[in-house]
Amino acid sequence: MIMPVFDTHMILALVGTAIAGGIIGLDRTAVGQFMISQPIVAGPLTGWMLGDAEAGIVIGAALELIWVLDMPIGSFVPANSTISAVSATAIAALGNNGHAPLPVIGFSLLLTTCMVPITMLADSVVRKLNSRLWYIAASGSGEHTGRLLARAHFFGIASFFLKSFALYLMLIPAGIAAIAVFLHFPEYIHRAMSFFVKLLPLLGAALIVRNLSIKIFDIFLLAGFMTAAILGQVFHAPMLVLILTIIGGLLGARYLEEER
Amino acid sequence: MKKNVEGEIGTGDLIVVFLRALLIQASWSFERMQSLGFAYALEPVLKKLYPDRAEYESRLKLHMDYFNTQPYLASFILGATIRLEQDRASGRNAAADVQGLKAALMSPLGALGDSFFWGALKPLSAIVAMALLMTGSLWAPLVFLIIYNSWHLGIRIAVLFRGYASGGNAVELLNWYRFTRVAKRMKVVSLSVLGGFLGVLPFWRPEFKPTLNIPGMLLALAGLAFTLVLIAILQKGSSPVKLMLGLAVFCLVLAYAGVI
């Protein structure tokens with residue numbers, strides 16, 4: 001059977017995910033910006049809600065470094081990494097009825113990557129529509145000015161939520177249907193998707209170095225690597241090694257300041 | 001700090017403004033960006049300072065003008081605006097140029113905040129959390145939130161009070177926090193930890209550990225070499241989405257050829 005079954009349980013899970021994802025997504029722009037919407041948090045949260053926390057952790061880890069430096073500067077609308085993380089986790093968890101295997105996770109990630117332009121367009125449309133809220137707020141007079149302002153302002157929160165909610169209701173079922181087809185693909189495609197997941201943190205690391213350093217061979221990156229690679233092999237204690245790279249980085253920064 | 005007295009601004013009023021400022025981007029739009037959010041945060045203070053409803057309306061509408069800066073450092077401008085509005089309302093400085101102050105501060109604080117919070121603190125928190133997650137700690141999402149928000153919330157509330165106390169003296173703000181210097185240190189530490197993150201590749205979670213039959217040190221070197229190749233590709237100009245799709249095609253080719 002190729003098509004998945006959208007029974008009552010599945011529909012309830014979909015609506016629940018869309019509501020939760022919509023609330024988590026408010027953190028991106030509208031409310032607080034406490035970074036709950038970052039993939040490393042949003043992925044595991046969604047996975048835990050849908051009974052597959054492992055899938056959420058893997059998806060959050062795969063996406064976090066890739067999108068962490070996609071910054072909302074000025075009027076630039078960055079890619080919506082929250083929708084990518086929540087959708088990919090929901091597609092993997094619901095499309096596989098439980099513990100999603102690595103190839104399914106890889107394919108879910110690929111699907112949500114293709115959805116990025118749609119989510120960016122939706123984010124832009126909401127921001128354009130929000131321009132009308134000013135006219136509502138400015139139409140108030142006397143004592144009611146504040147009340148109308150608050151109403152218009154909160155309407156903005158509702159529009160950000162409804163945008164995410166509608167996108168989840170469209171993207172996740174489409175993704176689940178695609179997973180049902182993917183399960184019948186040849187074995188080599190499954191292997192490719194597993195390997196794709198393994199390479200994503202390396203792409204994330206490359207994107208960060210590209211943004212933080214002007215050099216390909218950055219001295220601090222290489223020093224951190226050498227410390228960790230050598231001491232990691234000797235002590236087999238990655239946590240200790242990572243603490244050493246933090247201390248090494250701080251000493252390096254102090255050295256740079258004194259040099260200047 | 002003064003207690004709440006009729007017509008006077010106290011700590012309680014500033015806390016209300018701080019809480020409302022968490023929603024400064026709730027109705028973000030391309031046209032006037034954070035204008036409604038700024039006015040919404042300021043509204044309770046204006047209500048208190050201007051008992052005459054016509055004056056209150058006129059001041060509130062004035063603050064609905066275009067406004068955009070980094071959302072966390074907007075609190076500094078809010079604090080400074082409150083001080084100037086208070087001086088104006090009390091007659092101590094009836095000609096206070098509140099709009100001029102906002103216009104002068106929003107661009108530099110926007111650039112400063114973007115580079116500190118989005119460009120340095122966020123990647124550092126994410127890299128440390130990712131390093132923990134990849135080496136087996138499931139507390140990583142929580143660690144990410146704690147690192148990020150201890151800085152975010154601490155600075156966000158402190159700059160509101162500093163802005164109010166200083167009346168918008170940006171030089172004092174820079175002397176207090178040394179954002180540029182701290183951001184540089186954070187970037188160096190980020191690169192060092194990122195190097196460490198790549199160096200402990202042989203200890204990564206099984207989902208991300210490449211299934212290549214080579215010794216640990218060589219595996220880490222292979223990971224570094226692949227990352228450097230990706231950085232070189234990025235230097236020539238490519239988007240994350242294109243690179244992710246390119247990686248998927250690369251994996252499909254390798255799997256079809258039987259390499260993986």
Side-chain angles (χ1 to χ4, degrees), chain A residues 29-30 32 34-35 40-41 44 58 61 64 66 68-69 71 73 75 102 110 113 116 127 130-131 133-134 137 142-143 145-146 149 153 156-157 188 191-192 195-196 198-199 201-203 205-206 208-210 212 216 218 220-221 224-225 228-229 232-233 238 242 245-246 248-250 252-253, chain B residues 22 25-32 36 39-40 43 53 57 60 114 118 122-123 126 129-131 133 135 141 144 148-149 185 187-196 198-200 203 207-208 210 216-217 220 224 226-228 230-232 234 240-241 243-244 247-248 251-252 255-256 260:
Chain A
T29 307
F34 301 109
M35 299 299 142
I40 198 169
V41 184
V58 174
E64 181 58 39
I66 292 175
V68 75
L69 276 164
M71 300 182 263
I73 294 175
S75 60
L102 203 54
L110 184 59
T113 304
V116 165
R127 283 160 169 79
N130 278 352
S131 298
L133 297 176
W134 183 87
E143 210 160 339
T145 321
L149 166 67
H153 196 51
I157 297 180
Y188 81 89
R191 267 186 288 125
F195 199 62
F196 175 60
K198 294 176 195 295
L199 293 185
L202 300 179
L203 173 61
I208 289 187
V209 178
R210 171 76 184 91
L212 295 187
I216 293 179
D218 184 273
F220 296 106
L221 179 84
F225 174 82
Q233 291 303 313
L242 289 170
T245 58
I246 294 176
L250 280 170
Chain B
L22 295 175
Q25 301 205 117
S27 53
W28 199 98
S29 71
F30 284 124
E31 214 171 287
R32 289 182 176 82
L36 294 188
Y40 173 76
E43 193 268 341
R53 292 301 127 194
E57 180 193 332
L60 190 56
D114 286 342
W118 305 153
K122 199 172 149 198
M130 275 293 288
L133 186 69
T135 50
F144 169 75
Y148 187 83
N149 286 308
R185 282 187 187 178
K187 285 178 183 177
V188 170
V189 175
S190 295
L191 285 164
S192 176
V193 180
L194 194 65
L198 295 171
V200 295
F203 303 99
E207 298 91 341
F208 292 100
M217 186 73 173
L224 177 71
F226 190 76
T227 306
L228 294 177
L230 289 174
I231 298 168
L234 282 164
V241 172
L243 263 174
M244 284 170 88
L247 271 187
C251 294
L252 280 169
Y256 187 72
I260 52 170

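Side-chain atoms are counted along with the backbone in the values below, which use heavy atoms only and exclude waters and symmetry mates. Just so it is clear, the structure is predicted and the values come from calculations on it, not from any experiment. Here is how names work: the chains are called A, B, and so on, in the same order as the sequence lines, proteins then strands, and each is numbered from 1.
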>> Could you report the tightest heavy-atom contact between B/Asn149 and A/Phe34, atom names first, then the distance?
In response: ND2-O, 3.0 Å
> What option among A/Asp218, A/Leu133, A/Leu203 has the most heavy-atom pairs under 4.5 Å with chain B?
Replying inline: A/Leu203
>> For chain A, which candidate among B/Pro210, B/Gly216, B/Ala255, B/Ala126 shows the most heavy-atom pairs at distances under 4.5 Å?
In response: B/Ala255
>> Report which part of B/Phe30 has an atom under 4.5 Å of a heavy atom belonging to chain A: side chain, backbone, both, or neither.
In response: both
> If you take all heavy atoms of A/Ala206 and B/Leu230, which pair is closest and at what distance?
Replying inline: CB-CB, 3.6 Å
>> Looking at every non-hydrogen atom in both residues, tell me the closest pair between B/Cys251 and A/Phe195 and how far apart they are.
In response: SG-CD2, 3.8 Å
> When heavy-atom pairs shorter than 4.5 Å are enumerated against chain B, which of A/Ile40, A/Leu250, A/Ile246 gives the highest number?
Replying inline: A/Ile40
> Is chain A contacted by the side chain of B/Leu36, its backbone, both, or neither, given a heavy-atom distance below 4.5 Å?
Replying inline: both
>> Is B/Arg185 close to chain A through its backbone or its side chain, or both, or neither, when contacts mean heavy atoms under 4.5 Å?
In response: both
> Considering only heavy atoms, which portion of A/Leu202 lies under 4.5 Å from any heavy atom of chain B: side chain, backbone, both, or neither?
Replying inline: both
> Looking at B/Thr135, B/Leu234, B/Val200, which has the largest count of heavy-atom pairs under 4.5 Å with chain A?
Replying inline: B/Leu234
> Which heavy atom of A/Leu242 sits nearest a heavy atom of B/Ala131, and at what distance?
Replying inline: CD1-CB, 3.5 Å
> Taking atom CZ of B/Arg32 and atom CG of A/Asn130, what is their separation to the nearest 0.5 Å?
Replying inline: 12.5 Å
> If you tally heavy-atom pairs under 4.5 Å against chain B, which of A/Pro238, A/Gly248, A/Gly232, A/Ala137 wins?
Replying inline: A/Pro238
> Quick one: what part of A/Leu69 sits under 4.5 Å from any heavy atom of chain B, side chain, backbone, both or neither?
Replying inline: side chain
>> For A/Ala205 versus B/Thr227, what's the shortest heavy-atom pair and its separation?
In response: CB-CG2, 4.0 Å
>> Please classify the contact between B/Tyr40 and chain A as side chain, backbone, both or neither, with a heavy-atom cut-off of under 4.5 Å.
In response: both
> Yes or no on side-chain contact (heavy atoms from CB on, under 4.5 Å) for A/Val58 and B/Phe208, after CA distance, side-chain angles and deciding distance?
Replying inline: CA-CA 8 Å; A/Val58 174; B/Phe208 292 100; 3.6 Å; yes
> Mind checking whether A/Met71 and B/Asp114 have side chains closer than 4.5 Å, heavy atoms only?
Replying inline: no
>> Minimum heavy-atom separation for B/Met217 and A/Gln233, please, with both atom names.
In response: N-NE2, 3.8 Å
> Side chain, backbone, both or neither: which part of A/Glu64 has a non-hydrogen atom closer than 4.5 Å to chain B?
Replying inline: side chain
>> Heavy-atom pairs under 4.5 Å with chain B - which of A/Leu149, A/Val209, A/Val41, A/Ile157 has more of them than the others?
In response: A/Leu149
> What part of B/Tyr256 is in contact with chain A, defined as an atom under 4.5 angstrom from a non-hydrogen atom: side chain, backbone, both or neither?
Replying inline: both
>> Counting heavy-atom pairs under 4.5 Å with chain B, which one of A/Gly156, A/Gly224, A/Gly252 comes out on top?
In response: A/Gly224
>> Has B/Ser192 got a side-chain atom pairing as donor or acceptor with A/Thr245's backbone, closer than 3.5 angstrom?
In response: yes
> At a heavy-atom separation under 4.5 Å, does A/Pro44 approach chain B through its side chain, its backbone, both, or neither?
Replying inline: side chain
>> Between B/Leu252 and chain A, with a heavy-atom cut-off of 4.5 Å, which part of the residue counts as in contact: side chain, backbone, both or neither?
In response: both
> How many angstroms lie between atom CG of B/Leu243 and atom CD1 of A/Ile66, to the nearest 0.5 angstrom?
Replying inline: 9.0 Å
> So which of B/Met130, B/Glu43, B/Glu31, B/Lys187 has the largest heavy-atom pair count under 4.5 angstrom toward chain A?
Replying inline: B/Met130
